[in-house]
Amino acid sequence: MTVGQDRAWERSWPALGKQVPDLPPGPLDAVSWFGREAPLLLEIGSGMGETTSLLAKAEPGTNYLAVDVFQPGLAQLILRVEAMGLTNLRMLRGDAVELLGEHIAPGALAGARIYFPDPWPKKKHHKRRLVQPDFVALLASRIVPGGTLHLATDWEHYAEQMLEVLSGEPLLRNRYDGWAPRPDWRPVTKFESRAREEGRISRDLIFERVND
């Protein structure tokens, strides 16, 4: 980490973040942590926090929860939180599968977002991709009926896999016929701009959790 990131971590991580392996058994007490009752939205893979911070700022009425394994990225997100004066964002460092399976109750999430996850482009590595049937089934079970699961990727083959996996999950229904229109409210990051320059088109998917 940079000196600035390291200082931010020491200064604010105890209040803004938790390590997933250190969480007490059972569901996360988001109400106490955020200090209020509000819809809980989970972003999986917040990267360097550029999109995460802007979305949290745009949704002050939401308890915005970001989970990632990359410490420098979370530290950079802390710097953004401090600079923007955000009070509605908290962070978790660790595995999203462990978090969802052990610490998020069924129906606890108003929605979930996965933007530009690692594409693992080589075919022999596709099994490492996050968006797989078992993971999506777990995630869908944690979203309240009517809540949304929003994914985006700039890798065409991964987008097609996402569409296939989400379409095969009985708890989810596509809000659109195939790809969703790119929402104006999803920020264009440096990452996405670079993908455009390299000729890769970003595709969005927005699915809704249905009743059991």
Side-chain angles (χ1 to χ4, degrees), residues 1 4-115 117 130 135-151 171 185-187 208-209 211-212:
M1 294 200 293
Q5 290 170 348
D6 192 56
R7 288 175 178 167
W9 188 270
E10 293 296 323
R11 182 172 60 242
S12 296
W13 178 257
L16 297 177
K18 298 179 186 293
Q19 303 279 357
V20 173
D22 295 339
L23 292 174
L28 177 73
D29 187 356
V31 173
S32 294
W33 195 13
F34 283 88
R36 65 174 186 173
E37 186 105 37
L40 183 65
L41 199 149
L42 177 67
E43 183 179 334
I44 298 171
S46 48
M48 298 304 288
E50 184 181 3
T51 294
T52 308
S53 57
L54 291 171
L55 289 174
K57 181 180 180 181
E59 302 174 77
T62 295
N63 286 344
Y64 207 102
L65 188 62
V67 59
D68 206 306
V69 297
F70 187 51
Q71 186 177 2
L74 291 168
Q76 188 65 33
L77 180 52
I78 290 174
L79 288 169
R80 297 180 193 276
V81 167
E82 293 177 341
M84 296 166 71
L86 301 179
T87 60
N88 66 322
L89 196 149
R90 301 290 185 272
M91 297 160 236
L92 288 160
R93 184 179 181 215
D95 180 56
V97 176
E98 179 182 351
L99 172 67
L100 290 164
E102 299 182 20
H103 303 293
I104 301 294
L109 299 176
R113 294 167 175 170
I114 307 173
Y115 297 147
L130 178 64
F135 175 75
V136 168
L138 172 63
L139 180 54
S141 73
R142 269 46 184 170
I143 299 173
V144 69
T148 57
L149 174 57
H150 183 186
L151 278 64
L171 290 178
W185 49 261
R186 183 170 68 71
E208 181 177 314
R209 164 68 200 269
N211 290 311
D212 295 349

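Fair warning: this is a prediction, and the values are worked out from it, not measured in the lab.
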Quick check for you: to the nearest 0.5 Å, what is the distance between [X] atom [atom1] and [Y] atom [atom2]?
| X | Y | atom1 | atom2 | result |
| --- | --- | --- | --- | --- |
| Tyr64 | Leu40 | OH | CG | 11.0 Å |
| Arg80 | Lys57 | CZ | NZ | 12.5 Å |
| Leu28 | Leu23 | CG | CG | 6.0 Å |
| Leu130 | Ile44 | CG | CD1 | 6.0 Å |
| Gln76 | Glu50 | CD | CD | 10.0 Å |
| His150 | Tyr115 | NE2 | OH | 4.5 Å |

So which atom in [X] and which in [Y] form the shortest heavy-atom distance, rounded to 0.1 Å?
| X | Y | value |
| --- | --- | --- |
| Thr52 | Ser46 | OG1-CB, 3.3 Å |
| Pro39 | Thr62 | O-CG2, 3.5 Å |
| Asp95 | Val69 | N-CG1, 4.4 Å |
| Pro72 | Met1 | CG-CG, 3.7 Å |
| Val144 | Gly107 | CB-O, 3.6 Å |
| Ser32 | Asp29 | OG-OD2, 2.7 Å |

Taking the side chain as everything from C-beta on, heavy atoms only, tell me whether [X] gets closer than 4.5 Å to [Y].
| X | Y | result |
| --- | --- | --- |
| Asn63 | Trp33 | no |
| Met84 | Leu54 | yes |
| Leu89 | Leu77 | yes |

Determine whether a donor-acceptor pair (N or O, by modelled atom type, separation under 3.5 Å) exists between the side chain of [X] and the backbone of [Y].
| X | Y | result |
| --- | --- | --- |
| Asp68 | Leu74 | no |
| Ser12 | Trp9 | no |
| His103 | Gly26 | yes |
| Arg209 | Arg142 | no |

**Request:** Check the pair Arg11, Leu16 against side-chain contact (heavy atoms from CB on, under 4.5 Å), reporting the backbone distance first and the verdict last.
**Result:** CA-CA 10 Å; Arg11 182 172 60 242; Leu16 297 177; over 6 Å; no
**Request:** For the pair Glu59 and Arg113, find out whether any cationic side-chain nitrogen is under 4.0 Å from an anionic carboxylate oxygen.
**Result:** yes
**Message:** Using side-chain contact (heavy atoms from CB on, under 4.5 Å), reason through Asn88 and Arg36 one step at a time and then give a plain yes or no.
**Reply:** CA-CA 9 Å; Asn88 66 322; Arg36 65 174 186 173; 3.4 Å; yes
**Prompt:** Has Glu37 got more than 12 heavy atoms of other residues, nucleotides or ligands less than 6.0 Å from its CD?
**Reply:**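 Not buried by this count: 12 neighbours or fewer within 6.0 Å.
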**Message:** Please determine whether side-chain contact (heavy atoms from CB on, under 4.5 Å) holds for the pair Leu79 and Gln5, giving the CA-CA distance in whole Å, both sets of side-chain angles, and the decisive distance to 0.1 Å.
**Reply:** CA-CA 7 Å; Leu79 288 169; Gln5 290 170 348; 4.1 Å; yes
